[in-house]
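Taking it in order: structure first as structure tokens, then the write-up.
Every number for a ligand or one of its atoms is a count from 1 in the order of the listing. As the structure is a prediction and not an experimental result, all values here were calculated from the model.
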Amino acid sequence: MHPFPLEPDRATMTEMGRLVLDRVIDRTENLAARPASGTLSPQAETELVRSFLTPPPARSGDLEALLARLDDAADCALETAGPGHLAYIPGSGLYSAALAEFYNRAVNRYGGLASVAPALAALEESVIRWMAEEVCGLPEGSGGLLTSGGSMATFSATVAARHHRLGEDLAGGTVYTSAFAHHSVAKAARLAGVPAARIRTVPHTPDLRMDPEAAAAMIRADRDAGLRPFLLVATAGTTDTGTVDPLPQLADLARGEGLWFHVDAAYGGFFRLTRRGEKRLAGIEEADSITLDPHKTLFMPFGTGALVVRDPAALHAAHDGTGSYLQDMTAAGSVPDSGRLGPELTHEIRGLRAWLPLHLHGVDAFREALDEKLDLAEHIHEVLSGVAELEVPQQPDLSTVVFSVRPADDSEAAARQADETGRRLLERINSHRRVVLSSTVVDHRYTLRVCVVSHRTHHDRITEALDIITAEARRG
Ligand SMILES: *Cc1c(COP(=O)(O)O)cnc(C)c1O
């Protein structure tokens with residue numbers, strides 16, 4: 001027995017690593033065959049959940065047995081890494097990113113201040129600049145911060161906008177967004193000190209996009225009433241329907257009215273790597289700040305978000321802080337301290353998990369994978385549009401297709417009945433366990449959605465999904 005059990009020797013480390021790697025590779029190789037959702041009975045699930053609520057033992061355990069338990073826990077879940085996950089906004093988790101993260105966690109370099117690990121900080125900065133300039137089209141000199149997800153990115157953007165436009169006095173500060181904005185937008189505003197009553201929901205046009213004229217009218221009315229409009233948040237790819245707000249008009253409005261313009265592109269942003277996405281996201285390059293979610297459309301593991309900003313100094317001014325215990329830290333020169341750009345100080349070198357896959361596979365591999373998702377969404381739209389029992393109202397802007405059950409007539413009662421049929425339809429589709437779809441509400445109608453984001457979802461699985469949806473819709 002090694003005298004220090006927390007420091008395994010080389011042979012032990014190798015054996016431990018092999019046990020983990022074997023399981024991970026088995027699971028990954030079998031993803032296409034695995035059920036798209038958990039198969040335990042509710043009672044078995046309750047028991048399993050309870051078995052994991054126990055505290056750790058005083059004495060050592062057996063790694064193989066612990067990994068077997070972990071597999072049970074991981075099986076009791078939506079198969080979010082698999083090709084059948086078409087619910088919410090999928091995040092598939094690249095194998096190469098997991099390996100990068102293993103390396104990252106093992107060397108455990110400090111990511112809060114650039115001078116502690118300057119070359120790794122530069123590596124992270126290169127990923128951020130790529131996202132800001134190449135992905136989003138912001139000018140040179142833009143920058144940002146990698147975050148744990150889109151919600152944190154939008155939070156920091158809101159704090160920066162508030163600090164830049166309102167200063168210390170928040171009174172009367174008012175935010176504008178739409179009914180289809182992600183709930184993290186209103187949450188960020190409230191956390192940033194904006195009362196819920198000062199968060200305006202701008203009406204949308206029939207194609208579900210924020211109405212710039214309505215936004216202009218609201219902003220002017222609020223200003224006339226003595227309020228201080230300071231932030232306009234558009235969405236580039238709504239979570240509900242994947243719709244892109246009219247970014248050029250909203251950018252003009254924000255500029256004309258002196259508002260900070262934030263674009264929530266947590267879902268849609270990386271589609272700008274494709275030709276179609278670049279067209280559909282035109283205007284995003286006018287934003288002051290943009291939320292991206294690499295753990296969605298860059299196929300990174302969960303816990304990887306990003307905020308890119310036109311003026312990193314504004315982000316810095318809102319989040320800077322220090323203490324005398326940091327007096328030994330020298331400034332790192334050209335690379336900013338991420339701990340001074342957001343609420344977090346100590347964290348891992350977040351950029352590594354994106355840097356390794358981007359350099360290993362090349363950007364084109366991501367571009368092509370995203371282009372494939374756009375093709376698949378167009379195909380889904382075309383096939384479902386031919387199913388008489390369904391209504392497929394929107395041509396997809398990105399990779400989300402929404403549909404609902406067609407009501408028997410125009411009456412409210414028929415719509416409610418169709419909604420009820422839609423609920424049962426979702427259950428029946430998902431009960432095959434080959435795909436998982438989710439639902440939402442669009443203009444008071446129960447709406448099913450297919451969201452294709454996983455790098456593992458290809459034409460074969462979509463064909464299977466369409467066969468299941470079509471057969472179940474015809475059964476009524
Ligand atoms: C997922 C999502 C968010 C929230 O991001 P998290 O990473 O879950 O915090 C925000 N906005 C949009 C449009 C999203 O799709």
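Using a 4.0 Å cut-off between charged nitrogen and carboxylate oxygen, Arg105 and Glu348 count as a salt-bridge pair.
Atom 9 (O) of ligand 1 has Ser151 OG, 2.6 Å as its closest protein atom, hydrogens excluded (heavy atom only). Among protein heavy atoms, the minimum distance from atom 1 (C) of ligand 1 is reached at Lys296 NZ, 1.3 Å. The protein non-hydrogen atom at the shortest distance from atom 4 (C) of ligand 1 is His182 CE1, 3.4 Å. Looking only at heavy atoms of the protein, atom 5 (O) of ligand 1 is closest to Asp293 OD2, 3.0 Å. Of the protein's heavy atoms, Asp264 OD2, 2.6 Å lies nearest to atom 11 (N) of ligand 1. Among all non-hydrogen protein atoms, the one lying nearest atom 13 (C) of ligand 1 is Thr239 OG1, 3.3 Å.
At distances below 3.5 Å, not a single donor-acceptor pair connects side-chain atoms of Arg34 with backbone N or O atoms of Gly82. When atom types are taken as modelled, the side chain of Asp293 and the backbone of His295 share no donor-acceptor pair closer than 3.5 angstrom. The backbone N or O of Val453 sits nowhere less than 3.5 Å from a side-chain atom of Ser399 that would complete a donor-acceptor pair.
Taking the six-membered ring for Trp and the full ring otherwise, His379 and His459 have centroids separated by under 6.0 Å.
The side-chain tip of Arg198 does not point at the ring of Tyr176 from less than 6.0 angstrom away and within 45° of straight on.
Residue Tyr267 approaches ligand 1 through these ligand atoms, each under 4.0 Å from one of its heavy atoms: 15 (O). If you number the atoms of ligand 1 from 1 as listed, the ones under 4.0 Å from a heavy atom of Gly237 come out as 13 (C). Taking every heavy atom of Ile89 and a limit of under 4.0 angstrom, the matching atoms of ligand 1 come to 15 (O). Those atoms of ligand 1 with a heavy atom of Ala266 less than 4.0 angstrom away are 2 (C), 3 (C), 10 (C), 11 (N), 12 (C), 14 (C).
In Ser184, the part holding a heavy atom less than 4.0 Å from any atom of ligand 1 is the side chain.
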Where do Glu464 and His432 land on the side-chain contact (heavy atoms from CB on, under 4.5 Å) test, with the steps shown first? CA-CA 11 Å; Glu464 208 180 333; His432 291 251; over 6 Å; no
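On a distance-only criterion, Gly150 and ligand 1 share at least one N/O pair closer than 3.5 Å.
Heavy atoms of Ser148 come nearer than 4.0 angstrom to ligand 1 in no pair at all. Not close to ligand 1: Met152, with no non-hydrogen atom less than 4.0 angstrom away.
When only modelled atom types and interatomic distance are considered, Tyr267 and Thr238 share no side-chain donor-acceptor pair under 3.5 Å. Side chain to side chain, Thr291 and His262 meet the donor-acceptor criterion of an N or O pair below 3.5 Å.
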